[in-house]
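The structure under discussion appears below in the form of structure tokens.
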Amino acid sequence: MTTIPTYETIRAIAQRLVHERYPTAVAAIIGGSFATGRQTPTSDIDLLLLFDHVDCAWRDTIVAEGRTVELFAHDVATFTYFCKEIDAPGGTVPLAMMVAEGENIVAAGDAYAQLHALAHAFVTAGPPVLDAENLQRRRYAITTALEDLVDSTHPGEALAVACQLYEALADLHLRAAGQWSGGGKHLFRRLQAVDPAIAGQLDGALRLAAGDLPAGQRAFGQVAAAVLAPVGGPLLDGFTLPAPAHWRA
């Protein structure tokens with residue numbers, strides 16, 4: 001695949017797939033890159049299927065007309081459970097984002113209206129607030145990782161630590177701001193949408209760490225200071241983490 005397919009082409013493939021294989025679906029939402037206009041020549045189709053009832057939620061990866069399709073099948077109850085109990089505690093709601101950003105390609109009814117309202121409510125509510133212990137763990141982890149990076153003279157080791165720091169700093173900045181986070185490319189997209197300045201600093205620091213280690217070490221020190229300052233700053237001395245009393249053989 002060398003050309004980027006149009007959304008209309010992808011929409012037609014998805015409609016034929018749903019009509020032929022999942023005719024009882026009461027909603028079918030195209031999400032992901034095609035829904036947000038970020039598709040590439042090899043982008044897959046993210047498709048959330050809603051049914052009146054499923055015995056259990058499921059996901060599947062198939063190929064339709066030469067295009068990889070990632071299927072996520074739910075009813076309203078399983079969708080609610082996944083968003084509330086599985087995704088939200090970790091600071092992400094990918095299913096809710098799919099519904100909020102995507103397009104339903106089958107005739108809309110009450111079930112889709114309920115699903116869309118739920119997704120919008122999850123996205124609008126934002127993630128759970130980070131408690132004091134969680135913040136302390138994150139501050140300590142970032143502080144120790146930054147020390148490892150600054151002390152490192154091995155390019156490979158330094159880059160591994162820099163990647164770890166990028167993710168920890170980006171996720172903390174989003175969560176401390178009451179914003180949903182993400183994973184992989186979605187972490188960058190979320191950060192870019194919420195705070196382009198910090199996104200640019202982190203991106204620049206990681207690139208420097210790969211090509212000019214001393215400059216990368218300084219850049220990570222600067223962005224880490226900016227991210228940590230609003231949540232209490234670096235943390236080493238005084239950090240304690242008692243294990244549960246029942247953790248013994």
Side-chain angles (χ1 to χ4, degrees), residues 31-33 35-40 83 87-98 100-101 120 122-152 155-237 239:
S33 298
T36 58
R38 297 187 178 99
Q39 66 267 29
T40 69
C83 289
D87 294 336
T92 67
V93 279
L95 291 176
M97 292 287 188
M98 279 183 65
E101 297 174 345
H120 181 75
F122 277 119
V123 172
T124 302
V129 175
L130 296 176
D131 60 29
E133 180 182 338
N134 194 309
L135 274 175
Q136 284 193 335
R137 287 174 182 248
R138 289 167 179 259
R139 290 168 57 206
Y140 178 78
I142 289 170
T143 304
T144 57
L146 183 60
E147 284 195 338
D148 285 345
L149 177 62
V150 171
D151 291 342
S152 180
E157 293 178 357
L159 186 57
V161 177
C163 291
Q164 175 190 6
L165 262 175
Y166 179 103
E167 183 173 355
L169 287 166
D171 187 65
L172 174 59
H173 193 60
L174 287 167
R175 295 295 305 277
Q179 299 289 331
W180 292 110
S181 187
K185 62 187 178 183
H186 300 288
L187 179 60
F188 172 79
R189 291 174 181 175
R190 290 293 302 150
L191 188 61
Q192 177 69 22
V194 171
D195 193 334
I198 290 293
Q201 290 179 51
L202 268 177
D203 180 68
L206 189 58
R207 292 175 187 273
L208 282 172
D212 182 349
L213 181 54
Q217 291 166 328
R218 292 191 296 272
F220 263 107
Q222 292 167 356
V223 70
V227 170
L228 289 174
V231 296
L235 178 60
L236 282 177
D237 185 31
F239 177 73

Open item on the list: Would the distance check show the side chain of Gln222 and the main-chain N or O of Ala205 forming a donor-acceptor pair, the cut-off being under 3.5 Å?
Closed with: no
Task: Any donor-acceptor N/O pair, Gln136 side chain to Phe239 backbone, under 3.5 Å - done: no
- [ ] Determine whether Ser33 and Thr40 make a side-chain contact, defined as any pair of heavy atoms from C-beta on separated by less than 4.5 Å.
- [x] no
Task: The single option from Leu135, Val129, Asn134 passing side-chain contact (heavy atoms from CB on, under 4.5 Å) against Asp131 - done: Asn134
Task: Criterion side chain to side chain contact (heavy atoms under 4.5 Å, CB included) on Asp148 and Leu165, from CA distance to verdict - done: CA-CA 10 Å; Asp148 285 345; Leu165 262 175; over 6 Å; no
- [ ] Please report the closest heavy-atom contact between Ala158 and Leu213, naming both atoms and the distance.
- [x] CB-CD1, 3.5 Å
Open item on the list: For a quick test of reading the model, state the closest non-hydrogen atom pair linking Arg139 to Pro234 and the distance between them.
Closed with: NH2-O, 3.5 Å
Task: Which atom of Thr92 lies closest to which atom of Trp180, heavy atoms considered - done: N-CE3, 3.7 Å
Open item on the list: Looking at Arg189 and Gly184, would you say the former's side chain and the latter's main chain have a donor-acceptor pair under 3.5 Å?
Closed with: no
Task: Between CG on residue Leu228 and OG1 on residue Thr143, distance to nearest 0.5 Å - done: 5.5 Å
Task: Spacing of CZ belonging to Arg175 relative to CG belonging to Leu130, to within rounding of 0.5 Å - done: 4.5 Å
Open item on the list: What's the separation between atom SG in Cys163 and atom CG in Leu206, rounded to the nearest 0.5 Å?
Closed with: 5.0 Å
- [ ] Please confirm whether the backbone N or O of Gly32 pairs with a side-chain atom of Thr36, one donor and one acceptor, at under 3.5 Å?
- [x] yes
Task: Nearest-0.5 Å distance, CG of residue Leu236 to CD of residue Glu147 - done: 5.0 Å
Task: Residues, nucleotides or ligands: over 12 heavy atoms within 6.0 Å of Tyr140 OH - done: no
TODO: Search all heavy atoms of Val123 against all heavy atoms of Met97 and return the closest pair with its distance.
DONE: CG2-SD, 4.1 Å
Open item on the list: If I take atom CZ from residue Arg138 and atom CG from residue Asp171, how far apart are they, to the nearest 0.5 angstrom?
Closed with: 4.5 Å
Open item on the list: Test side chain to side chain contact (heavy atoms under 4.5 Å, CB included) on Phe220 and Leu169; report intermediate values, then the result.
Closed with: CA-CA 10 Å; Phe220 263 107; Leu169 287 166; 4.2 Å; yes
- [ ] Measure the OH-CG distance between Tyr166 and Leu159 for me, rounded to the nearest 0.5 Å.
- [x] 13.0 Å
Open item on the list: Show the nearest heavy-atom pair for residues Ala176 and Val231, with the distance to one decimal.
Closed with: CB-CG1, 3.7 Å
Open item on the list: Please give me the minimum heavy-atom distance between Gln217 and Val150, naming the atom from each residue.
Closed with: NE2-O, 3.3 Å
